[in-house]
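Take a look at the structure set out below.
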Amino acid sequence: MARYFCGIDWSEGLNDVAVVDRAGEVVAAARVEESPAGVKELLQLLRGLNRSHRHSRKQVPIAIETNRGLLVGALRASGQEVVAITPSVVARYRGRLNPTRKKSDRTDAALLANILRTDGALHRGLFTNSDGAAAVTVLARAQLRAVRTRDYHRNQLRSHLREYFPAALEAWSGLPHGLVRAEARAVLALGPTPAQAAALSKWKIADALEAAGRFRLVDDHAERLRAVFRENRLRQPTQVEEAMGLQTLAALALLDQACRSVDDLTEQTTTAFLAHPHAEIYRSFPGCGPVIGARLLGEIGDDPDRFATAKGLRAYAGAAPLTWASGSSSSVTYRRIANQNLKAVGYVWAFTTLRRSPGCRAHYDRRRDAGDAYRAALRNLFGRLLSALHYCLRTGEHYQEEKAFPLARGKEADG
């Protein structure tokens, strides 16, 4: 057991530091900057405490309420053990010490140190990813945020068009991705109002379609769009319609930028993922393309000691059930506290496998027949895939359907 425990209440400016001994007494306190000089001062403080007690050779563990940032990175680069404790957990500990839950930066630093002193065995230090995996994490999360931003701008544009230009929604409603399609944005930029769109010739529409990347059935689509735009519909007053058209152009500019960001980040994420040594293992799984694989790798990481068992990985991803038992009542439900990014991609991954893997499809159908709802069956399938992934990452093997779903294989042979 360490002789001293350190807590840091971090902020954008100065960071309060407190060190407690095994009795919980504050033996050192400081306020350091998030800078090379501040990190050096903090490390000297900790090393000085250890040097003053020759029998204490254990490193001073540090508790902090974040798992990222320059300060955390610098401490970990120096070989310091860092334990991230979420603010919600710290808030519960604060109530144990004082019923009023009063708060100050200095007392919070001491509280974090005391959490390690009393319950250090219950909190794990930060895992260590390779630089390649850390880069995939950054890019995969950025790509996901870009997709959500693009969807937000698409929904804003769709809601706006519905108020004065429903023909624009109908024009691409039957095609994948709808208004996000490059050809839809190109034609809308030429005719942002019903009057301007109706005045477009077939050849102008065709030129816009080709410039946006369509090369098949261009004339047919141009003729179809021209007919849709010229249908007799309800209209806003002319001045209002023109003003709304200007708003559409502004919305299109935002959507165009969002689409470019998604395309660029998808390409960069794919490149970083495929360069990682674990990429081939991920890609051997059904339904696991570069984007899904990058999101999985980005959230799971490549630290071999992070998840000792498949059960721990499933719990982290929200794919393991949670049992609540108190007195005579007992219930089993899904986990609400989990890595939400990993949980979200898990549903997508599991759904994708239904058409690509007979074993996954059979497992899903079996769960549905047993009474599971749609999301529960997908969640169970995701957990099964995670168990197989955990095994493959530990052994270096690629996915094998007959090993992952032996029951489905047997039934297929019987049939």
Side-chain angles (χ1 to χ4, degrees), residues 1-34 38-39 42-43 45-46 49-50 56 58-76 78 80-128 305-308 311-312 315-318 320 322-327 333-343:
M1 180 179 179
R3 186 181 184 91
Y4 297 104
F5 308 88
C6 178
I8 300 178
D9 185 80
W10 70 281
S11 66
E12 292 187 7
L14 296 175
N15 303 274
D16 281 272
V17 178
V19 181
V20 301
D21 59 17
R22 291 177 183 174
E25 295 295 326
V26 177
V27 297
R31 180 168 283 185
V32 300
E33 295 180 344
E34 189 179 69
V39 172
L42 173 58
L43 293 177
L45 171 66
L46 299 180
L49 287 169
N50 269 339
S56 177
K58 284 187 175 291
Q59 193 181 62
V60 179
I62 298 175
I64 191 169
E65 291 179 285
T66 182
N67 62 356
R68 57 184 181 270
L70 293 174
L71 179 61
V72 172
L75 291 173
R76 298 188 69 195
S78 68
Q80 198 69 39
E81 180 186 358
V82 179
V83 179
I85 303 176
T86 61
S88 60
V89 172
V90 175
R92 295 187 184 99
Y93 274 97
R94 192 180 295 120
R96 289 171 54 184
L97 300 181
N98 193 307
T100 63
R101 297 190 178 184
K102 66 179 182 179
K103 182 185 185 306
S104 72
D105 294 344
R106 184 171 299 179
T107 57
D108 273 3
L111 172 62
L112 284 161
N114 275 302
I115 291 174
L116 285 187
R117 179 181 66 87
T118 58
D119 297 329
L122 302 179
H123 301 280
R124 295 179 60 188
L126 293 177
F127 61 92
T128 303
D305 299 322
R306 186 179 183 186
F307 300 104
K311 182 179 179 181
Y316 177 71
L322 182 66
T323 302
W324 176 271
S326 178
T333 184
Y334 65 92
R335 293 176 182 265
R336 291 175 173 82
I337 299 177
N339 183 315
Q340 297 302 321
N341 287 339
L342 183 54
K343 188 176 182 179

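Start at 1 with the first residue, then count along the sequence. A quick note: this is a predicted structure, and the numbers were derived from the prediction, not measured.
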Checklist entry - Got a sec, which residues hit side-chain hydrogen bond (donor to acceptor under 3.5 Å, both in side chains) with T118, two or more places apart in sequence or on another chain? => result none
Checklist entry - Which value, rounded to the nearest 0.5 Å, describes the distance between R3 atom CZ and R22 atom CZ? => result 6.0 Å
Item to check | Taking every non-hydrogen atom, the tightest pair across A18 and A110 | outcome: CB-N, 3.6 Å
Next on the checklist: With heavy-atom distances below 4.5 Å as the criterion, would you say the side chains of I8 and L42 are in contact?
Outcome noted: yes
Next on the checklist: Can you confirm whether D9 sits close enough to E65 that some side-chain heavy atom of one is under 4.5 Å from a side-chain heavy atom of the other?
Outcome noted: yes
Item to check | With D108 via salt bridge (Lys or Arg N to Asp or Glu O under 4.0 Å) - residues at least two apart | outcome: R94, K103
Item to check | Residue list, salt bridge (Lys or Arg N to Asp or Glu O under 4.0 Å) with R31, at least two apart or on another chain | outcome: D16
Checklist entry - For R306, what residues pass the side-chain hydrogen bond (donor to acceptor under 3.5 Å, both in side chains) criterion, not counting sequence neighbours? => result Y316
Item to check | Contacts of T333 that satisfy side-chain hydrogen bond (donor to acceptor under 3.5 Å, both in side chains) - sequence neighbours left out | outcome: none
Next on the checklist: For D119 and Y93: C-alpha separation, side-chain torsions, deciding distance, then whether side chain to side chain contact (heavy atoms under 4.5 Å, CB included) applies.
Outcome noted: CA-CA 11 Å; D119 297 329; Y93 274 97; 2.6 Å; yes
Item to check | Closest heavy-atom pair and its distance - N15, W10 | outcome: OD1-CA, 3.0 Å
Next on the checklist: More than 12 heavy atoms of other residues, nucleotides or ligands under 6.0 Å from CG of L122: yes or no?
Outcome noted: yes
Checklist entry - Considering residues at least two apart in sequence or located in another chain, which fulfil the side-chain hydrogen bond (donor to acceptor under 3.5 Å, both in side chains) criterion with S78? => result none
Checklist entry - Looking at N339 and L342, what are the two nearest heavy atoms and their distance? => result OD1-N, 2.9 Å
Checklist entry - Taking atom CD of Q340 as the centre, does the number of heavy atoms from other residues, nucleotides or ligands within less than 6.0 Å exceed 12? => result yes
Donor-acceptor list for residues 67-76 side chains, cut-off 3.5 Å, not counting sequence neighbours:
{"unit_1": "R76", "atom_1": "NH1", "unit_2": "F127", "atom_2": "O", "d": "3.2"}
{"unit_1": "R76", "atom_1": "NH2", "unit_2": "L126", "atom_2": "O", "d": "3.4"}
{"unit_1": "R76", "atom_1": "NH2", "unit_2": "F127", "atom_2": "O", "d": "2.3"}
{"unit_1": "R76", "atom_1": "NH2", "unit_2": "T128", "atom_2": "OG1", "d": "3.3"}

Checklist entry - Looking only at heavy atoms, what is the nearest atom pair of C6 and A113, with distance? => result C-CB, 3.7 Å
Next on the checklist: Between L14 and E33, does the side chain to side chain contact (heavy atoms under 4.5 Å, CB included) criterion hold? Intermediate values first, please.
Outcome noted: CA-CA 5 Å; L14 296 175; E33 295 180 344; 3.5 Å; yes
Next on the checklist: If we ignore hydrogens and angles and just use 3.5 Å, is the side chain of K343 paired with the main-chain N or O of R335 as donor and acceptor?
Outcome noted: yes
Item to check | CZ-CG distance between F5 and D21, expressed to the nearest 0.5 angstrom | outcome: 9.0 Å
Checklist entry - If we only count heavy atoms from C-beta on, is the L46 to Q80 side-chain gap below 4.5 Å? => result yes
Checklist outcome for this item: Heavy atoms of D305 and R124 approach each other most closely as O-NH2, 3.2 Å
Next on the checklist: Are the side chains of V90 and L112 in contact, using a 4.5 Å heavy-atom criterion?
Outcome noted: yes
Checklist outcome for this item: Between I85 and A63, the two heavy atoms sitting closest are CD1-CB, 4.0 Å
